[in-house]
Amino acid sequence: MAVADITKSTLQLVLQDGIDSQSGSPIFKSKSFNNVKTDATADQLYAVATALVELQERPLYNINRKDTADIREA
């Protein structure tokens with residue numbers, strides 16, 4: 001059996017940056033925040049993300065967490 005050890009976490013805010021004039025579809029930009037504690041809970045990350053959104057000029061579209069893990073045999 002293999003196990004995964006999370007080695008790095010990143011919090012990403014996806015912000016809407018406007019509408020494409022030709023296709024009418026939304027344009028998204030993202031801001032990433034590194035050095036997130038790997039044991040942070042979803043509630044903790046959501047609280048931080050909502051506080052950071054208050055400092056942004058663009059409206060929030062989505063919040064993502066990206067984890068990197070080392071996989072090894074148990």
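Residues take their numbers from the sequence shown, with the count starting at 1.
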So how far is it from [X] [atom1] to [Y] [atom2], rounded to the nearest 0.5 Å?
{"X": "L45", "Y": "T10", "atom1": "CG", "atom2": "OG1", "value": "10.5 Å"}
{"X": "L60", "Y": "T50", "atom1": "CG", "atom2": "OG1", "value": "9.0 Å"}
{"X": "I27", "Y": "L15", "atom1": "CD1", "atom2": "CG", "value": "13.0 Å"}
{"X": "S25", "Y": "I19", "atom1": "OG", "atom2": "CD1", "value": "7.5 Å"}

Minimum heavy-atom separation for T38 to R65, with atom names? O-NH2, 2.9 Å
List the atom of N34, the atom of K8, and the distance in Å for their closest heavy-atom pair. OD1-CE, 4.4 Å
Are any side-chain N or O atoms of T7 and backbone N or O atoms of T68, one a donor and one an acceptor, separated by less than 3.5 Å? yes
Sorted by first residue and then second, give each ring pair (Phe, Tyr, Trp, His ring centres under 6.0 Å) pair with at least one member in residues 2-21; sequence neighbours left out. none
Could you name each residue pair satisfying ring pair (Phe, Tyr, Trp, His ring centres under 6.0 Å) that touches residues 17-57, not counting sequence neighbours? F28-Y61
Cluster link V53 to V36, ILVMFWY, side chain under 4.5 Å: yes
If you group Ile, Leu, Val, Met, Phe, Trp and Tyr by side-chain heavy-atom gaps below 4.5 Å, do V14 and L52 land in one group? no
A side-chain contact here means heavy atoms from C-beta on lying under 4.5 Å apart; do I71 and V3 qualify? no
Start with the C-alpha gap between Q56 and K31, add the side-chain angles, then the distance that decides, and say whether side-chain hydrogen bond (donor to acceptor under 3.5 Å, both in side chains) holds. CA-CA 10 Å; Q56 305 302 312; K31 291 196 174 194; 3.1 Å; yes
More than 12 heavy atoms of other residues, nucleotides or ligands under 6.0 Å from CG of N35: yes or no? no
